[in-house]
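In this chain, numbering begins with 1 at the start of the sequence shown.
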Amino acid sequence: MTMQRLEAGGDLAAQGIELRLWRVDLDAASFDDVPHEAERERAARFVHPDDGRRYLASHAALRLLLGRREAWVAGAHGKPALASSPPHFNMSRREGVALIGISSTHDIGVDVEPLQATADANELAQLHFTPRERDAVACESGAARDRAFLRCWTRKEACMKATGCGLSLSPSSFECGAHAATERVQVMAPQRAWTLLVHSPELAGSDIVVSWAVVLA
């Protein structure tokens with residue numbers, strides 16, 4: 001199993017937050033240790049065999065890091081959780097890379113994207129970013145603009161996953177920034193409101209952009 005521990009950043013210890021992050025190379029990972037037939041059946045339904053194999057590899061990696069073989073259950077808002085939770089966990093998978101976050105203290109969300117140009121970045125920003133976030137991306141150019149766009153995108157995704165709301169929450173309804181720095185984010189939904197902490201670790205020389213979010217209240 002090819003896994004790399006990442007520095008979470010964000011001065012978490014001072015705030016009583018425990019968070020561990022790993023990058024997993026799914027194309028170099030074993031997927032033999034997936035004990036649940038439902039997961040194997042889902043993997044078999046992927047159109048492309050590589051996607052099914054990566055799905056199994058990501059679940060094998062998550063169980064290895066958790067040290068648990070039990071099946072996931074639907075936690076708050078349908079978010080996957082352990083029946084014996086904590087620890088809290090979240091995983092993001094994109095192409096051949098997975099990002100796994102585990103916390104013993106807080107609900108979390110993580111997201112990963114390959115660092116590359118996004119052809120429809122302007123259209124996506126208009127649909128899903130706030131005006132200030134759109135301006136922050138637009139003032140950059142070239143590779144810096146690609147990174148700013150992906151930072152904002154992964155920060156949005158991490159927040160939506162941390163709350164468990166997913167796509168039922170409009171990304172443009174809250175602001176989390178297109179920068180890397182830690183920021184408190186207020187998320188409002190019909191059923192409740194959340195306060196989150198979001199951060200995008202700077203990974204020097206990396207080919208991915210990652211963000212995490214933890215639920216403070």
Side-chain angles (χ1 to χ4, degrees), residues 3-10 12 17 19-26 51 54-55 57-59 61-62 65 72 75-81 87-103 106-118 120-121 124-125 127-130 133 136-137 145-185 187 189 194-203 206-216:
M3 294 189 287
Q4 176 189 4
R5 179 75 179 266
L6 304 179
E7 290 295 329
L12 297 178
I17 300 170
L19 174 62
R20 290 159 286 154
L21 293 177
W22 288 268
R23 169 185 175 151
V24 184
D25 182 352
L26 300 177
D51 293 333
R54 289 167 173 171
Y55 169 85
S58 67
H59 280 230
L62 179 55
L65 291 169
W72 322 135
H77 310 288
K79 183 180 177 182
H88 309 279
F89 67 88
N90 196 236
M91 176 168 63
S92 176
R93 187 176 64 253
R94 190 76 162 89
E95 298 179 359
V97 176
L99 178 69
I100 294 174
I102 299 175
S103 172
H106 290 71
D107 277 322
I108 61 172
V110 300
D111 196 57
V112 61
E113 286 287 342
L115 180 54
Q116 59 189 13
T118 304
D120 53 351
L124 290 171
L127 287 171
H128 302 299
F129 292 0
T130 67
E133 289 166 344
V137 173
R145 185 173 187 176
D146 297 333
R147 188 180 293 274
F149 170 81
L150 291 170
R151 273 200 304 256
C152 192
W153 186 268
T154 56
R155 288 163 80 94
K156 298 275 189 185
E157 290 280 354
C159 288
M160 292 189 291
K161 293 173 74 176
T163 63
C165 289
L167 295 176
S168 67
L169 184 67
S170 171
S172 62
S173 68
F174 62 95
E175 188 161 72
C176 56
H179 47 261
T182 306
E183 187 163 328
R184 283 182 177 250
V185 176
V187 174
W194 289 268
T195 300
L196 302 101
L197 198 69
V198 64
H199 182 78
S200 303
E202 294 279 20
L203 307 176
S206 180
D207 58 348
I208 58 174
V209 175
V210 306
S211 294
W212 54 256
V214 299
V215 176
L216 299 178

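Under a 3.5 Å cut-off, the side chain of R20 and the backbone N or O of R5 do not form any donor-acceptor pair. Although no hydrogens or angles enter the test, the distance criterion places a donor-acceptor pair under 3.5 Å between the side chain of K161 and the main chain of M91. The backbone N or O of V110 sits less than 3.5 Å from a side-chain atom of N90, completing a donor-acceptor pair.
Between D107 and A162, the closest heavy-atom pair is CB-O, 4.2 Å. The minimum heavy-atom distance between A8 and P201, with the atom names listed, is O-CG, 3.4 Å. In terms of heavy atoms, C165 sits closest to W194 at SG-CH2, 3.3 Å. The shortest heavy-atom contact between A178 and V137 is CB-CG2, 4.0 Å. The two residues G101 and L21 make their nearest non-hydrogen contact at CA-CD2, 3.9 Å. Nearest heavy atom pair, residue F149 against residue T118, reads CE2-OG1, 3.8 Å.
Relative orientation of the H199 and W212 rings is tilted, given thresholds of 30° and 60° on the angle between their planes.
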Subject >> Candidate pair L26 and V97, rule side-chain contact (heavy atoms from CB on, under 4.5 Å), full reasoning >> reply: CA-CA 6 Å; L26 300 177; V97 176; 5.9 Å; no

**OP:** Give the C-alpha distance, both sets of side-chain angles, the deciding distance and a yes or no for side-chain contact (heavy atoms from CB on, under 4.5 Å) between C159 and F174.
**Re:** CA-CA 9 Å; C159 288; F174 62 95; 3.7 Å; yes

**OP:** Test side-chain contact (heavy atoms from CB on, under 4.5 Å) on L196 and V187 and set out the steps.
**Re:** CA-CA 8 Å; L196 302 101; V187 174; 3.4 Å; yes

Subject >> Trace of the side-chain contact (heavy atoms from CB on, under 4.5 Å) decision for F89 with L65 >> reply: CA-CA 10 Å; F89 67 88; L65 291 169; over 6 Å; no

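From E175, atom CD reaches atom CZ of R155 across 10.5 Å, with rounding to the nearest 0.5 Å. Here the CZ-CD distance, from R147 to Q116, works out to 12.5 Å after rounding to the nearest 0.5 Å. One finds the OG atom of S200 at 6.5 Å from the CZ atom of R151 (value rounded to the nearest 0.5 Å). The SG atom of C176 sits 12.0 Å away from atom CG of L197, with the distance rounded to the nearest 0.5 Å. Atom CZ of R184 and atom CG of L216 lie 5.0 Å apart (nearest 0.5 Å). Taking OG of S206 as the reference point, atom CG of L115 lies at 7.5 Å (rounded to 0.5 Å).
Between W22 and L6, every side-chain heavy-atom pair lies at or beyond the 4.5 Å cut-off. In this structure, L19 and I108 have side chains that are in contact, with non-hydrogen atoms separated by less than 4.5 Å.
T154 and E113 form no side-chain donor-acceptor contact under 3.5 Å, judged by distance and modelled atom types alone. Between the side chains of D111 and S211, no donor N or O sits under 3.5 Å from an acceptor N or O.
A salt bridge links E133 with K156: at least one charged nitrogen is closer than 4.0 Å to a carboxylate oxygen. A salt bridge is absent between D51 and R93: the closest approach of a Lys/Arg side-chain nitrogen to an acidic carboxylate oxygen does not fall below 4.0 angstrom.
With V112 as reference, R94 is the one residue of E95, R23, E157, R94 to meet the side-chain contact (heavy atoms from CB on, under 4.5 Å) rule.
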